[in-house]
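As structure tokens, the structure follows; a few thoughts come after it.
Letters A, B, ... are given to chains in the order of the sequence lines, protein chains preceding strands, and every chain is numbered from 1.
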Number of protein chains: 2
Amino acid sequence: MNESVPVKTAKTTLDFVEAVAALDGATFAEITDAVEMPKSTAHDYLQTLLQTGYLVEDDGTYTISTKFLELGESHRQGMKIYQSARPEIEKLAEETGEHSSLMIEENGLGVLMHIATGENALQLDVYAGQRFPLSTTAPGKAILAHLPRERVEAIIDEHGLPAVTTNTITDPDVLFEELETIRERGYSTDLEERVDGVNTVSAPIISQGRIQGAITVGGPAHRITGEVLEEEIPSMLLRTANVIQVNITYS
Amino acid sequence: MNESVPVKTAKTTLDFVEAVAALDGATFAEITDAVEMPKSTAHDYLQTLLQTGYLVEDDGTYTISTKFLELGESHRQGMKIYQSARPEIEKLAEETGEHSSLMIEENGLGVLMHIATGENALQLDVYAGQRFPLSTTAPGKAILAHLPRERVEAIIDEHGLPAVTTNTITDPDVLFEELETIRERGYSTDLEERVDGVNTVSAPIISQGRIQGAITVGGPAHRITGEVLEEEIPSMLLRTANVIQVNITYS
DNA sequence: TAAATCTATCCGGTAATATCGGACGGGGGA
DNA sequence: TCCCCCGTCCGATATTACCGGATAGATTTA
């Protein structure tokens, strides 16, 4: 075993930042409490992070700074799939009037990269960067369907198949069967599997022989049903996915 | 002098992350080079950051992960001024057809918090989280105009008055005079002071007796001129700023 | 196929520094 | 005015970050 990894102080630093982020505005005492450090040690970290500009003080309370937004956003801007998909997602939201989004996979979780809302879209409080278990969302399942089976198994091992509604898939066999179906018909669905009363449909973005992410349209279950669920939205998504794939390849 | 601050390893960790972010996809060797560390030390940090999920590996190259987007975005979502201003900014962009944005101040710099683009908006590659010297932008000057004079002087001391176009203000006396004008008429302008060929107009958002940020509309100098520059956009901005101020206060 | 070359990973001794109890000081409340 | 509390600072000590060098693995060359 390598004794030098992890660099403990590095991990401590990041944990400290996450603790402050989770508190979302806290006093010195509250932070000291949350990180379970002696006052003096917490003070050292707090001051260091203020100096480097990763945390900011405002009238006795401390929050994370906009440096995270800067790093995260500039990285996102550089991502080909984001550049290519963003305008298409916006179009989908406008045309359908519903929610539309882009998800990618990172370390076995689904990360929302962009969200567009149409005129009649539900008020869901989701945000870019937010993470979801892949098995609980339509884009997540579209991604899983195009990963090697052993990778999917590793992801299940690590993250399990958590139930977030009564419809969520929790049995690996059921999941693998569904992934097969998704590959066959080319798109995935989520029928109230993540949020009660919400249905979504997703299509995978495949480029350079690899799954790059998935695009989604979703809305209230009573609107996303029948013809709309089985024909209209899938065909829009597949058409759009194709456009995005071409954009990625030739850019 | 306090010997315990900064926690050097914490600083090193953050520097490492920034180096990787700046490279935007680099091999282990390139990173080792950029951070000027022995291979073995760089390896320790790299592995630690991979384990914690702040960096990700993709086929031999390393980039920052979407954790920064997650932290940054969730923090932004929690900001009152963002919540209040965002829909108004969108409206401004749509109504004017131009660029519209929200800026706040952090550690003496202007940070863009949201950007909306109208139909005819210029293709400027700006992004949320991006930082600008306050003196070089219309919203930055609107913010400076409502900070205490000693604070403005401290900011000038720290960041200077860098010239980015031939029109940028570089003389403190000229700046202070302009800030006076801004306070009198209630809004600020940027006439090709940051980007050649681009004019912008900004109004401050003041709440709880403090400057909270500034909203902006901008576009090509030939369109943002005359009546539009001096009447139309300023009055839209002032009206919108007022709406935002009310939103912040009662939410 | 083997050798050579390069790259990434691992190990362990040592110097550097993170840690934290306790002491200090300043601002707000009684 | 005094007291109390909260944040800051100090310094001795144990911890651990550091890094040269050795090893394993991948990739190219002979």
[X] [atom1] - [N] [atom2] separation (whole Å):
{"X": "A:E30", "N": "D:dG7", "atom1": "CD", "atom2": "C1'", "answer": "14 Å"}
{"X": "B:F16", "N": "D:dC18", "atom1": "CZ", "atom2": "P", "answer": "11 Å"}
{"X": "B:D33", "N": "C:dT7", "atom1": "CG", "atom2": "P", "answer": "11 Å"}
{"X": "B:M37", "N": "C:dT9", "atom1": "CE", "atom2": "P", "answer": "16 Å"}
{"X": "A:D15", "N": "C:dT19", "atom1": "CG", "atom2": "P", "answer": "12 Å"}
{"X": "B:K11", "N": "C:dT17", "atom1": "NZ", "atom2": "P", "answer": "13 Å"}
{"X": "A:E57", "N": "D:dC6", "atom1": "CD", "atom2": "P", "answer": "17 Å"}

The side chain of [X] is closest to which nucleotide in this list: [options]?
{"X": "B:D44", "options": "D:dC9, C:dC20, D:dC19", "result": "D:dC19"}
{"X": "B:A29", "options": "C:dA8, D:dT8, D:dC18", "result": "C:dA8"}
{"X": "B:T12", "options": "D:dC18, D:dT16, D:dG21", "result": "D:dC18"}
{"X": "A:Y45", "options": "C:dA18, C:dC11, D:dG7", "result": "C:dA18"}
{"X": "B:F28", "options": "D:dA17, C:dA8, C:dC20", "result": "C:dA8"}
{"X": "B:K8", "options": "D:dA17, D:dC18, C:dT17", "result": "C:dT17"}

*asked:* If you assign A:S4 and A:K39 each to the DNA chain D nucleotide with the nearest heavy atom, which residue ends up on the more 5' nucleotide?
replied: A:K39

_How long is the straight-line distance from CE of B:M103 back to CG of B:L134, given to the nearest 0.5 Å?_
7.0 Å

_Rounded distance (nearest 0.5 Å) linking atom CD of B:E106 with atom CD of A:E70_ = 9.0 Å

*How is B:T9 classified with respect to the nucleic acid when contacts are heavy atoms under 4.0 Å: base, sugar-phosphate, or nothing?*
sugar-phosphate

*asked:* How about CD on A:E177, more than 12 heavy atoms from neighbouring residues, nucleotides or ligands closer than 6.0 Å, or not?
replied: no

*Around A:E36, counting heavy atoms of other residues, nucleotides and ligands shown, do more than 12 lie under 6.0 Å from its CD?*
no

*Phosphate OP1/OP2 of D:dT8 contacted by A:H43 side-chain N/O (<4.0 Å)*: yes

_Out of the candidates B:R131, B:R151, B:K141, only one should pair with B:E105 under the salt bridge (charged side-chain N to carboxylate O under 4.0 Å, His left out) rule; please name it._
B:R151

_Most 5' of A:S40 and B:Q47 on DNA chain C, judged by nearest nucleotide_ = B:Q47

